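Residue numbering restarts at 1 for every chain, and letters A, B, ... go by the order of the sequence lines. What you see is a predicted model; the values in this text were computed from it and never measured. Hydrogens, waters and symmetry mates are skipped; everything else that's a heavy atom, side chains included, is used.
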Protein chains: 2
Amino acid sequence: MARGRKARNTALLEPNRREELLRAAARLFVAKGFDATTTRDIADAVGMRSGSPFYHFRSKQDLLKAAMADGLETGYRRLLAASDGIDDAERRLRVLIRTHLSNLLEGDCQTPMLLYESRSLDATARAEIAAITDRYQKPWQATLDELAAAGKLKSSAPPVRLLLFGMLNWSVQWYRADGSLSLDQLSDCALAMLLAPSQATQA
Amino acid sequence: MARGRKARNTALLEPNRREELLRAAARLFVAKGFDATTTRDIADAVGMRSGSPFYHFRSKQDLLKAAMADGLETGYRRLLAASDGIDDAERRLRVLIRTHLSNLLEGDCQTPMLLYESRSLDATARAEIAAITDRYQKPWQATLDELAAAGKLKSSAPPVRLLLFGMLNWSVQWYRADGSLSLDQLSDCALAMLLAPSQATQA
DNA sequence: TATAAGCAAGCAAGCGCTTGGTTAATTATT
DNA sequence: AATAATTAACCAAGCGCTTGCTTGCTTATA
């Protein structure tokens, strides 16, 4: 007896089912965690049967890796596009922060938080992802170095960058878009914590 | 045929198997995540058979809740013990930071990071844990308020505290005890990011 | 006719948890 | 003091379910 299916699948007219899978998987992995998300959840989210995602991806772990790489890639491009051509290091840092917060908290996949699921990857996949995140951090370190050279920052040693990322990334744990704090305000607040000395120093 | 067991279990002479279970569970939950940790893993870690932990705890989730509550409790006591009686707010903040980092990175359970597994709790358990973490944050907010009142901090609005916690908590992701950075140095670095203005202001 | 995309069905392994019994220590009773 | 009853702490076995993934087939497009 036919299970009541709707109309007919538009199938190939909706061409990029693979990317739909990626986005749905990313969303679910962030929301419930990798282990708590079943491949059936993912299939359901895009209207497939439980085994079908394995036509597009070799394994569940492969799906995680692809979702990470994909999300980080677009986040990286947004970061470059937003910060490119800004000469003033202080203004550029603000844009980096604002764009990173947007990567984290806007859109519907919170890609950077997928990194928290890295432990579910095997060693080689983890190394691939690590390479991408390293690249993501390069513009940050360069800007911090510039600010330190200009005396607007006491130090640009690695821990400073790592603490900065911590500040921003942790916001996923508490920030709510429907609260009273805007992302612009949060960006300013974070920037002030880093650069507050500049005002006093230059006075 | 008897599986080769060793000697005889000292049983009741080793009295606190429940706490052994708690500590082992906490360690495993932090290392592999709640979902990726099986109750068999936990039983193995303390030399029990797979069903025996359920004599001490009603469910796996119950184990998580107890491990969280237990770990946060001792962390909170350490925090109070270390900071109590320090009148100077700046010095007290440094002690809070240093002790929190120790809670996070020293010892073998990294309790505060268990909070990341809160999503595996049901609503009522999560509320219980939230109450404990709220209490944990009280001394911080009070100290930040003091510093703001003394002009050593631009603002002590809630986001400042949350960003500070982000800075510190995220260190679990990258700090390695065998690296070149000591926890004292890290504490100073974090404190400097918060209070750097004070030096310039007072100059 | 060939291929891309998916479904229907299900397998083997692993999961949280239960059940019924066993043993050593403790307490109560004679 | 000796014996019986009770309890705390586990083990051995396994149940029912879910999991990631596979296989063989169907359908729509090229």
Side-chain angles (χ1 to χ4, degrees), chain A residues 1-26 28-29 31-67 117 119-122 125, chain B residues 1-25 28-29 32-67 117 119-122 125:
Chain A
M1 58 194 71
R3 302 149 137 270
R5 307 274 313 286
K6 52 172 52 180
R8 186 84 282 296
N9 228 332
T10 35
L12 298 192
L13 303 183
E14 194 83 58
N16 252 352
R17 305 284 275 148
R18 188 176 189 277
E19 293 223 355
E20 278 184 55
L21 273 172
L22 272 181
R23 282 207 308 276
L28 286 166
F29 288 157
K32 321 200 313 177
F34 178 75
D35 292 295
T37 302
T38 71
T39 56
R40 283 164 233 263
D41 289 338
I42 299 170
D44 279 358
V46 301
M48 283 182 181
R49 307 287 163 172
S50 70
S52 300
F54 293 95
Y55 172 78
H56 297 277
F57 297 92
R58 240 169 302 165
S59 68
K60 183 188 178 189
Q61 199 191 112
D62 208 52
L63 234 168
L64 174 61
K65 196 185 82 178
E117 306 289 339
R119 62 181 164 201
S120 297
L121 296 174
D122 58 43
Chain B
M1 58 191 70
R3 304 149 136 271
R5 306 275 313 287
K6 47 170 59 178
R8 186 83 278 300
N9 227 333
T10 35
L12 299 192
L13 303 182
E14 193 84 56
N16 253 352
R17 304 283 276 149
R18 188 178 189 277
E19 294 223 355
E20 279 184 55
L21 273 173
L22 271 181
R23 281 208 307 276
L28 286 167
F29 287 159
K32 321 201 313 175
F34 178 75
D35 293 296
T37 302
T38 71
T39 56
R40 284 164 232 262
D41 288 339
I42 299 170
D44 279 358
V46 301
M48 283 181 180
R49 308 286 165 172
S50 70
S52 300
F54 294 94
Y55 173 78
H56 297 276
F57 296 92
R58 242 168 303 162
S59 68
K60 186 189 176 188
Q61 196 189 117
D62 208 52
L63 234 168
L64 174 61
K65 196 187 82 177
E117 306 290 338
R119 62 182 164 200
S120 298
L121 297 174
D122 58 43

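Note that CG of A/Leu121 and CZ of A/Phe34 are 7.5 Å apart. Values are rounded to the nearest 0.5 Å. Separating the CE atom in B/Met48 from the OH atom in B/Tyr55 is a distance of 10.0 Å, to the nearest 0.5 Å.
The distance from atom CE of A/Met48 to atom P of C/dA5 is 10 Å, rounded to the nearest whole Å. Computed from coordinates, the B/Asp44 CG to C/dG16 P distance equals 12 Å when rounded to whole Å. Atoms CD (A/Glu20) and C1' (C/dG6) sit 14 Å apart, rounded to a whole Å. A straight line from CZ of A/Phe57 to P of C/dG6 spans 11 Å, rounded to a whole angstrom. Here D/dT26 presents its C1' atom at 14 Å from OH of A/Tyr55, a figure rounded to the nearest Å. Per the geometry, CZ belonging to B/Arg49 stands 20 Å off P belonging to C/dG21, to the nearest Å. Distance CD (A/Glu19) to P (C/dA5): 13 Å, rounded to an integer number of Å. When rounded to the nearest whole Å, the span between CG of B/Leu21 and C1' of D/dA9 equals 11 Å.
A cation-pi contact, defined as under 6.0 Å to the ring centre and within 45° of the axis, is absent between B/Lys60 and B/Phe29.
A sub-4.0 Å separation between OP1 or OP2 of D/dA8 and a side-chain N or O of B/His56 is absent. For the pair B/Arg17 and D/dC10, the criterion of a side-chain N or O lying under 4.0 Å from OP1 or OP2 is met.
Applying the side chain to side chain contact (heavy atoms under 4.5 Å, CB included) test to B/Asp41 and every residue at least two apart in sequence or in another chain returns B/Leu28, B/Lys32, B/Thr37, B/Thr38.
Summarising the geometry of B/His56 relative to B/Leu21, their closest heavy-atom pair is CD2-CD1, 3.7 Å, with the distance given to 0.1 Å. The two atoms that bring A/Phe57 and A/Ala66 nearest to each other are CE2-CB, 3.9 Å, heavy atoms only.
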Inset, instruction - Starting at the 5' end of nucleotides 20-25 of chain D, put B wherever the base has a protein heavy atom under 4.0 Å, S where only the sugar-phosphate does, and a dash everywhere else. - result: BBB---
